[in-house]
Asks: 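My structure is below; once you've seen it, I'll send some questions.
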Protein chains: 2
Amino acid sequence: MGTVSFRLGLLGVAQDALYASRLASLELKPKHVALLCILRLRAAGSQMELAGLLGVAPSLVVLLADHLEERGAIQRVRDPADRRRQSLRLTEKGLRLLASATEVAAELDEELAAALPAADRAALSTALDRLLAASPHRS
Amino acid sequence: MGTVSFRLGLLGVAQDALYASRLASLELKPKHVALLCILRLRAAGSQMELAGLLGVAPSLVVLLADHLEERGAIQRVRDPADRRRQSLRLTEKGLRLLASATEVAAELDEELAAALPAADRAALSTALDRLLAASPHRS
DNA sequence: CCCGGCCGTGCAGCGCATGAATGATTCGGC
DNA sequence: GCCGAATCATTCATGCGCTGCACGGCCGGG
């Protein structure tokens with residue numbers, strides 16, 4: 001199996017599971033972090049838009065947002081221009097929560113780095129960046 | 001989110017889902033391919049061992065092996081030395097099936113390569129190799 | 001020979017995610 | 001200005017992958 005995509009899938013799924021377990025103490029899942037991450041750099045217009053960016057069904061965004069709202073990490077604000085839409089806003093608490101989640105990911109990075117020469121680390125990072133930028137649901 | 005692990009997880013999960021959908025025509029899932037892949041380069045001693053290598057529960061290996069056996073891709077052979085164990089053997093048909101699955105993955109690689117300079121491609125490949133080699137369930 | 005432990009297997013349950021149905025809201029045609 | 005079609009958020013029922021547990025067959029030491 002010399003294919004990149006297959007190995008990328010294997011490692012990615014494993015990494016996702018690992019990250020999920022480490023995230024348990026924060027009572028979050030990777031998908032929640034992804035949502036917060038998107039909100040941080042581009043304030044979302046609607047949940048539909050988020051569903052597209054995340055690549056999941058709109059009904060799932062509802063559940064994710066519910067959980068984050070209960071936690072006080074985000075606010076649901078009815079768009080005054082179009083009262084069907086809910087604009088999700090990141091709160092201070094949400095920003096701190098995202099920082100904690102990022103911290104956890106940084107710890108994983110260190111463990112990953114232990115098995116990877118510094119040169120490979122940088123190359124991997126830029127490669128992932130470019131793939132993510134070209135990905136259908138970019139973030 | 002500058003962390004490598006998080007982006008690796010995102011892309012990996014997406015790639016896995018994409019690969020799964022492309023694999024539908026072969027009536028296989030990525031986990032099946034992973035199993036075949038392991039069998040190809042190290043003939044497995046027991047299903048327990050495979051469960052460890054795949055990082056899944058032993059009862060799942062049963063289902064995966066069932067499906068592959070019905071397809072004639074593998075054979076279950078009772079280990080004569082220890083009749084509790086089942087030695088899984090890759091058949092000719094299984095080898096061809098794995099080749100088809102690899103072909104599908106290669107097509108995905110081309111699509112991936114379209115968004116990635118050749119230099120990055122090679123760097124990504126070696127990085128994934130090293131991470132996989134250092135991974136708890138190495139294959 | 002028997003008993004504790006391991007292997008494979010069947011089964012029930014859990015969690016994530018989807019798709020269809022509902023209700024509220026907006027927009028376009030006339 | 002009104003009415004039907006389209007859109008958004010939400011809920012619910014469903015499917016599916018995976019796990020944990022219990023059972024039966026099989027091994028090795030006492």
Side-chain angles (χ1 to χ4, degrees), chain A residues 9-10 12-21 23-24 27-35 38-39 43-70 74-89 137, chain B residues 9-10 12-21 23-24 27-35 38-39 43-70 74-89 137:
Chain A
L10 280 184
V13 169
Q15 197 68 25
D16 185 73
L18 186 59
Y19 188 42
S21 69
L23 230 40
E27 296 185 3
L28 285 181
K29 319 226 164 142
K31 292 267 170 71
H32 294 131
V33 179
L35 208 170
I38 293 179
L39 284 184
S46 70
Q47 295 184 192
M48 275 293 187
E49 183 185 356
L50 283 174
L53 291 174
L54 288 171
V56 300
S59 52
L60 180 58
V61 179
V62 175
L63 301 179
L64 294 174
D66 280 350
H67 189 225
L68 289 174
E69 193 177 25
E70 288 174 10
I74 64 172
Q75 276 181 330
R76 264 193 248 244
V77 184
R78 282 279 168 199
D79 184 344
D82 187 342
R83 304 232 312 281
R84 286 173 300 184
R85 299 186 176 171
Q86 301 259 39
S87 298
L88 302 188
R89 249 188 26 83
H137 12 276
Chain B
L10 280 185
V13 168
Q15 198 68 26
D16 184 73
L18 184 59
Y19 188 43
S21 69
L23 229 40
E27 298 185 1
L28 284 181
K29 320 226 164 143
K31 290 270 170 72
H32 294 132
V33 179
L35 208 172
I38 293 179
L39 283 185
S46 70
Q47 295 184 193
M48 276 294 189
E49 183 185 356
L50 283 174
L53 291 174
L54 288 172
V56 301
S59 52
L60 179 59
V61 179
V62 175
L63 301 179
L64 294 174
D66 280 350
H67 189 226
L68 290 173
E69 194 178 25
E70 287 175 12
I74 63 171
Q75 277 181 330
R76 265 193 246 243
V77 185
R78 283 278 168 200
D79 184 343
D82 186 342
R83 303 232 310 282
R84 285 173 302 183
R85 299 186 177 175
Q86 302 256 41
S87 298
L88 302 188
R89 251 189 22 86
H137 10 277

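Each chain gets a letter, A, B and so on, in the order its sequence line appears, and its residues count up from 1.
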Asks: Would you indicate which nucleotide in D:dC18, C:dG8, C:dT18 comes nearest to any side-chain atom of A:Ala57?
Replies: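 The nucleotide sitting nearest to the side chain is C:dT18.
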Asks: Rounded to the nearest 0.5 Å, how far apart are CD of B:Glu49 and CG of B:Leu54?
Replies: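 B:Glu49 atom CD to B:Leu54 atom CG measures 10.5 Å (nearest 0.5 Å).
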Asks: Let's test your reading of the model: under 3.5 Å, does the base of D:dT7 pair with the side chain of A:Arg84 as donor and acceptor?
Replies: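 Yes, a donor-acceptor pair under 3.5 Å.
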Asks: For B:Val61, answer base if it contacts any base atom (sugar-phosphate contacts may also be present), sugar-phosphate if it contacts only those atoms, and nothing otherwise; contact means non-hydrogen atoms under 4.0 Å.
Replies: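 No contact.
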Asks: Record whether the side chain of B:Ser59 comes under 3.5 Å of the base of D:dG20 through a donor-acceptor pair of N or O atoms.
Replies: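 Indeed there is one.
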Asks: Within this structure, what is the CG-to-P distance between A:Leu54 and C:dT18, rounded to whole angstrom?
Replies: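 Result: 10 Å.
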Asks: Using the rule given for side-chain contact (heavy atoms from CB on, under 4.5 Å), can you reason through A:Glu69 versus A:Gln75, listing the C-alpha separation, both sets of side-chain angles and the distance that settles it, and then say yes or no?
Replies: CA-CA 6 Å; A:Glu69 193 177 25; A:Gln75 276 181 330; 5.8 Å; no
Asks: Please state how far atom CG in B:Asp79 lies from atom P in D:dG28, giving the value in whole angstrom units.
Replies: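 My rounded result for the distance is 11 Å.
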Asks: Going through the checks in order, is the side-chain contact (heavy atoms from CB on, under 4.5 Å) test met by B:Leu88 and B:Arg76?
Replies: CA-CA 5 Å; B:Leu88 302 188; B:Arg76 265 193 246 243; 3.4 Å; yes
Asks: Of A:Leu23, A:Leu64, A:Leu35, which is the lone residue that meets side chain to side chain contact (heavy atoms under 4.5 Å, CB included) with A:Leu28?
Replies: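 That would be A:Leu23.
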Asks: Tell me the interatomic distance from B:Leu50, atom CG, to C:dT9, atom P, rounded to whole angstroms.
Replies: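 Whole-Å distance recorded here is 12 Å.
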Asks: To the nearest angstrom, how far is B:Glu69 atom CD from C:dG8 atom P?
Replies: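 Distance check: B:Glu69 CD to C:dG8 P gives 13 Å.
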Asks: Report the residue (B:Arg85 or A:Ala81) whose heavy-atom-nearest nucleotide on DNA chain C is the more 5′ of the two.
Replies: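 Counting from the 5' end, the first nearest nucleotide belongs to B:Arg85.
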Asks: Would you tell me if any nitrogen or oxygen in the side chain of B:Arg76 comes within less than 4.0 Å of OP1 or OP2 on C:dC7?
Replies: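 No, because none of the side-chain N or O atoms of B:Arg76 sits under 4.0 Å from OP1 or OP2 of C:dC7.
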Asks: Using the closest heavy atom to pick a nucleotide of DNA chain D for each, name whichever of A:Asp82 or A:Asp66 lands nearer the 5' end.
Replies: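 Result: A:Asp82.
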Asks: Starting at CE of B:Met48 and ending at P of D:dG20, how long is that distance when rounded to a whole Å?
Replies: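 Distance, rounded to whole Å: 12 Å.
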Asks: In whole angstrom, what separates B:Arg83's CZ from D:dG24's C1'?
Replies: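 Rounded to whole Å, this separation is 14 Å.
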Asks: To the nearest 0.5 Å, what is the distance between CD1 (B:Ile74) and OG (B:Ser87)?
Replies: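 Spacing of CD1 (B:Ile74) from OG (B:Ser87) equals 11.5 Å.
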Asks: Out of D:dC8, C:dT18, D:dT11, which nucleotide sits closest to the side chain of A:Val62?
Replies: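 My answer, after comparing the listed nucleotides, is D:dT11.
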Asks: Within this structure, what is the CG-to-P distance between B:Leu63 and D:dT19, rounded to whole angstrom?
Replies: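 It works out to 10 Å between those atoms.
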Asks: Please give, in whole Å, the distance from D:dA9 P to A:Leu64 CG?
Replies: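 In whole Å, D:dA9 P and A:Leu64 CG are 14 Å from each other.
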